[in-house]
Each structure stands twice: as structure tokens, then as C-alpha cells.
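Just the heavy atoms: all of them, side chains too, but no hydrogens, waters or symmetry mates, feed the values below. Every chain is numbered from 1, with letters handed out A, B, ... down the list of sequences.
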Amino acid sequence: QVVTVEVLDHLEQLALVDFRDAEGVERLKKAIQFADQLHEVNTEGVEPMDSVLEDRCLYLREDDVTEGNCTSELLKNAREKVEEYFVAPPGNIPLPKLEERETFLKGS
Amino acid sequence: PLKRGFCRFQVSAALKEGHVTATELCQRCLALIKSTKFLNAYITVAEETALKQAEESEKRYKRGKPLGVLDGIPIAVKDNFNTAGIETTCASNMLKGYISPYNATVVQKLLDQGAVLLGKTNLDEFAMGSGSTDGVFGPVRNPWSYSRQYKEKCDPKSHSEDEDSNWVITGGSSGGSAAAVSSYTCFAALGSDTGGSTRNPAAHCGVVGLKPSYGLISRHGLIPLVNSMDVPGILTRCVDDAAAVLGSLAGHDPKDSTTIQDSFKPFELPDLPDVSKLLIGIPKEYHAPGLSSEILALWSKAADLFKNAGAKVIEVSLPHTCYSIVCYHVLCTAEVASNMARFDGLEYGHRSDLKKSTESMYAATRREGFNDVVRGRILSGNYFLLKQNYEKYFIKAQKVRRLIANDFLKVFGSGVDVLLTPTTLSDALPYKEFIKEDNRTRSAQDDILTQAANMAGLPAVNVPAALSERGLPVGLQFIGRSFQEKQLLTVAKWFEKQVKFPMIQLEEVNRNNHDVFQHQKSASFS
């Protein structure tokens with residue numbers, strides 16, 4: 001049983017997305033099963049490929065300021081703001097532990 | 001005659017000669033969008049700004065100074081491209097109400113050429129899906145569902161049911177764009193292609209769907225799914241149009257450092273393409289399980305067409321094809337897990353009312369904003385990226401990716417110019433059938449013939465080939481060498497001329513708009 005409640009809990013905290021219900025957990029199990037087919041392939045001596053353009057250099061532009069001064073534009077789409085700041089709720093408060101969270105996993 | 005089958009070149013000529021004005025063209029398209037609303041192809045119609053753009057274009061034509069072939073041409077853009085001042089939703093609650101502060105580079109380029117932006121088209125939520133059925137604005141309907149060709153072939157028994165329930169899907173995830181082009185509401189549309197999302201709906205909707213080489217067209221402003229595979233896609237009614245749009249979009253963008261720095265020269269395709277000196281490869285692994293016998297026959301017929309024209313046609317092998325879907329599954333979910341992390345409600349998009357802590361606000365926002373498919377991929381992706389799984393899944397998939405890319409290198413290295421394959425396993429499924437299986441299953445099935453080209457970053461194009469027994473479009477795919485779009489499209493154009501794919505015969509469904517339709521049909525420009 002590779003997908004333990006601990007792993008599921010850990011994923012919910014990392015992803016900040018919840019499994020919602022048994023179907024969500026089932027979905028993950030099926031996804032893992034599906035991915036396991038990869039192990040049929042012999043990749044001995046094969047280097048991982050990050051990008052098809054690996055033989056080229058990425059373009060780096062000059063470190064000059066060419067645009068900006070669009071504070072009001074950018075703030076337009078934020079729901080909570082004060083002057084030129086985005087407003088966030090208090091930080092450094094960890095997500096409640098499994099037992100205290102509103103999560104389907106509690107039942108497991 | 002501006003017969004609706006005509007390509008944009010003819011319309012450009014018509015605009016230049018004053019047979020039609022940009023404003024008239026825009027108005028007609030807007031009217032058609034209204035009368036085909038039931039297709040649900042558009043999420044946002046930017047009527048006011050489109051008419052303004054058309055007005056400006058008209059002024060330029062009057063002065064004899066159009067900006068180019070695209071000036072005054074109505075286009076549509078998939079709703080995962082940022083468009084300044086216009087809502088960009090990705091068909092998700094997460095971005096409902098989000099007004100882009102900037103234009104994606106490809107959008108800016110089109111506007112700089114004078115194109116008229118009619119609106120944003122519908123898609124699967126965040127481009128995840130192969131049906132254009134999983135967005136918050138509902139599914140897109142394939143215009144061919146309402147064609148005489150399809151209705152004639154429908155089982156007479158089913159007429160007793162609500163005729164409306166037999167409609168077929170567009171495919172996805174760029175279904176709205178494909179439907180918009182297919183139903184003549186615009187002359188070209190932008191889609192995106194990560195696993196086949198431009199070519200798949202192009203095949204089902206009977207339009208040309210071009211996936212350019214990775215690195216050719218800027219992704220700046222395209223809300224990303226898989227950074228190492230995403231490309232903007234081009235949907236048009238003919239290959240020449242795709243080449244023209246490509247010409248205005250391709251080239252290095254300093255804002256997207258993954259675009260190659262080689263200079264790009266826009267090209268026109270020869271009037272009479274010659275395929276006699278080509279070596280066409282037929283990858284045997286693309287005879288995938290589930291491939292309909294109809295499409296198999298069509299594929300074979302196409303190979304014969306090339307042979308008879310003097311081309312050399314040989315069977316080739318891409319042995320790792322069967323692993324591309326599994327490989328994609330891991331790489332895609334991993335990149336998605338990372339790309340979707342930006343949606344936290346703080347700077348844009350949906351924000352939950354929860355105020356207890358930043359983390360709980362983020363969690364609630366994402367809980368409320370994303371649908372099951374998106375959440376599922378984020379969770380899977382995070383699983384594959386866990387320390388204990390990273391090597392086993394993510395790195396492993398990256399190795400398999402290299403094997404898939406190498407398969408193509410080997411084949412092209414042996415002298416093959418272009419590969420010829422089917423695009424989809426079958427014609428479009430009725431919506432009722434399609435939703436019987438879940439999104440991941442469908443995507444895995446439907447992407448099988450298109451995904452590998454994204455793995456390898458190669459250019460590929462769907463060309464409509466024929467109508468199926470059910471009266472629905474079926475397309476074939478050409479895959480070319482990296483950055484050899486000119487050769488790829490030349491072959492595609494030759495094939496297009498051979499098959500003479502029929503025009504869609506759309507029945508007017510709204511008697512109130514009968515006049516609009518009639519006007520369209522009778523407008524003539526030679």
C-alpha cells in the first residue's frame with residue numbers, strides 16, 4: 001500500500017489542493033498505476049531530457065530596465081489591496097493538521 | 001464570389017479592391033457568431049473593440065496602405081492567451097473576471113498586422129482535456145453536428161429523439177477555436193498544442209491545425225500548461241492561410257527566452273507543389289489499437305496518392321511511440337503541479353473569503369477555483385515529484401522522452417522528409433458517448449497519435465482528408481523536421497489540393513437569422 005494516509009496528507013499540504021472525496025484518491029491511485037508502465041522501458045545509459053532545445057543557449061537579454069511603472073494596472077486584478085500592497089492573511093501559520101482540517105482524508 | 005470555402009487570401013484581395021469593407025466583414029462575422037451561439041465556441045465576444053479595429057483597418061485600406069495580408073481579417077483567440085483589456089478565463093472559475101493587463105506576444109503580433117480580434121474561444125479548463133467538454137462555460141459543439149452531411153447520415157430512428165442530443169464533440173482542448181473557424185465566424189484562430197490540442201479538434205472539425213516547432217513561436221502570454229511542450233497553434237480553413245498566419249507570428253521574442261534566435265523568413269507556398277522528390281515515412285506504430293478501419297483505409301489511400309505522384313513512400317519505425325502517453329502523463333502532471341502553483345488568489349483571479357492564514361486562504365481558493373481534472377493533475381504531479389518518487393518517475397520519464405525524440409531523429413536522419421500518420425483514432429464522438437469515460441482516460445486515448453510530436457518538439461499539421469461514413473470530418477497528420485515548416489506545409493498543401501475536402505453545409509437553425517445567412521451565401525467576390 002504505497003498510497004498511505006500520510007502520503008495523501010503530505011500531498012494535500014504540498015499542493016494546497018484537496019482530494020475532495022474517494023474518487024480523488026482513486027484518481028491518484030490510477031494515475032500511479034498508469035505511470036508504472038514507464039518501468040517497462042530500458043533507459044540504461046540514457047540521459048534525462050529537459051528540453052528539446054538543449055543544444056542551444058537560452059537567450060539572455062541585457063540587464064536593463066525596459067518597462068515597468070504599471071503598479072495600478074497590476075493591482076487592478078487583486079481583490080484585497082491597500083495602497084500599493086497586495087493584502088495577505090497572516091503568514092507563518094501552518095495548515096491545520098489532518099485531524100483539525102476540513103478534509104475527506106480524516107475519515108480514512 | 002466570396003464563397004465561404006475561400007481562403008483568406010481571396011478575402012484580402014476583396015478588401016484591397018473594395019468589394020467588401022473591413023467593417024462589413026467584421027459585422028458579418030459578429031452576426032454569425034450570434035446566430036451560432038448554440039455551438040458555445042466563444043466565451044467572450046469583444047464586439048466593440050473588434051468594430052473599432054475594423055474601422056481602423058478600413059481607413060488604412062481607403063488610404064491604400066493596408067498593413068499586410070492580415071489587415072482587417074477577423075480572428076479568434078483561445079481563452080488561455082492573455083488579451084489586454086479582455087477577460088481571460090482559461091474556462092476556469094479560478095480566472096473568472098480576470099482582465100489581462102497585457103497582450104500575449106502572438107496576440108500583439110496579430111493586432112500589429114491589423115487583424116480584428118473578435119473574441120476568446122472556449123476550451124477544456126486550463127487546456128486539460130481532449131474534448132473541449134470540461135470547461136466551466138460548458139462544452140463546445142462541433143458545427144458539423146448541424147451539417148447536412150451529418151444529418152443525412154444520422155440513424156432515422158434517432159430523429160424521434162430530441163435532434164439536439166446527437167451533437168458531436170469538437171475534440172480538444174482548442175475546440176472553441178476549431179469550431180469558430182469551421183463555422184466561418186472567423187478566418188483564423190489561435191489555439192495551443194501540448195499533446196495534440198490544436199490538431200485533434202482540427203481533425204474533428206475539418207480544418208487545418210498547425211502545431212509549429214517548439215521554440216518557433218513565442219509563448220509569452222500563453223498561460224502555461226507544460227513549459228517544455230506548449231506551443232501556440234494555428235487553425236485555418238486552408239494550408240495557405242496557416243502559412244500566412246505563421247509568417248506573422250514566428251520569430252524570436254526577447255520576452256520568451258525559449259524561442260530560438262535564428263532569423264525566421266516568412267514564406268509563401270508554391271502554387272503547384274511538387275512532391276515527386278520526397279521520401280514519405282509511414283510509422284507502423286501509428287497503426288494504433290482502436291484505429292478505425294475507415295481511417296486506416298484513408299491513410300493507405302493517402303500513401304498511394306503520394307506514390308502515384310512519384311514520391312517514395314516507405315514504412316518506418318518509431319519504437320517508443322506506445323510509451324509517449326505514459327511519459328506525457330508524468331511530465332505533464334509534474335509541470336502542471338508547478339505551473340498551477342501561481343494561482344493563490346493573492347494577485348489575480350478568484351480569492352476565497354477565508355482570512356485565517358495565508359496557507360488556508362490559498363488552499364480554499366484553489367479548492368473553489370479548480371475543477372476535478374486540474375486538481376487531479378496537480379496532486380498526481382506533486383506525487384511524482386516527491387523526493388522518494390523523483391528519480392523513479394520524473395527523471396525516468398525524462399529519459400523516455402529522449403528515447404522518443406531519438407526515434408524521430410533516427411528516422412529523419414535516414415532521409416525521410418515528412419511522416420504521414422492519422423490524427424485521431426476515429427471521427428468525432430457524440431457528446432453522450434464521450435462523457436461516459438473520464439477526462440484522463442479520454443486524453444490518453446485521443447492523444448496517442450499526436451502527443452509524440454510534442455515530446456520531440458516537431459512541427460505537425462492536420463489536414464482535413466475526407467468525410468467519414470457518419471458524414472463527419474476525418475483528417476490526416478504530417479509530421480516534419482524541426483523548423484522545416486515550409487517543407488511540411490508544402491506537402492500539406494499538395495495533399496489538400498488532391499483531396500478537395502468538401503465545404504460544410506450548415507443548415508440555418510435560427511429562422512430569425514435566415515437573412516444573415518442568405519446574405520453570407522450570396523456575397524460574391526471572384
Would you say the rings of [Y] and [X] are close, in the sense that their centroids are separated by under 6.0 Å?
{"X": "B/Tyr393", "Y": "A/His39", "value": "yes"}
{"X": "B/Tyr102", "Y": "B/His220", "value": "yes"}
{"X": "B/Tyr98", "Y": "B/Phe343", "value": "no"}
{"X": "B/Tyr383", "Y": "A/His10", "value": "no"}

Between [X] and chain A, which part of the residue has a heavy atom less than 4.5 Å away: side chain, backbone, both or neither?
{"X": "B/Val326", "result": "both"}
{"X": "B/Ala364", "result": "neither"}
{"X": "B/Arg375", "result": "both"}
{"X": "B/His320", "result": "side chain"}
{"X": "B/Leu386", "result": "side chain"}

Residues in residues 20-27 of chain A that sit under 4.5 Å from chain B, counting heavy atoms only | A/Arg20, A/Arg27
By side chain to side chain donor-acceptor pair (under 3.5 Å), B/Asn103 pairs with (sequence neighbours left out) B/Gln108
Can you list the residues that meet the side chain to side chain donor-acceptor pair (under 3.5 Å) rule with B/Ser338, with sequence neighbours excluded?
-> none
Partner residues of B/Lys355 under the salt bridge (Lys or Arg N to Asp or Glu O under 4.0 Å) criterion, sequence neighbours left out = A/Glu80
Hey, are A/Glu54 and B/Arg402 close enough for a salt bridge, meaning a charged N less than 4.0 Å from a carboxylate O?
-> yes
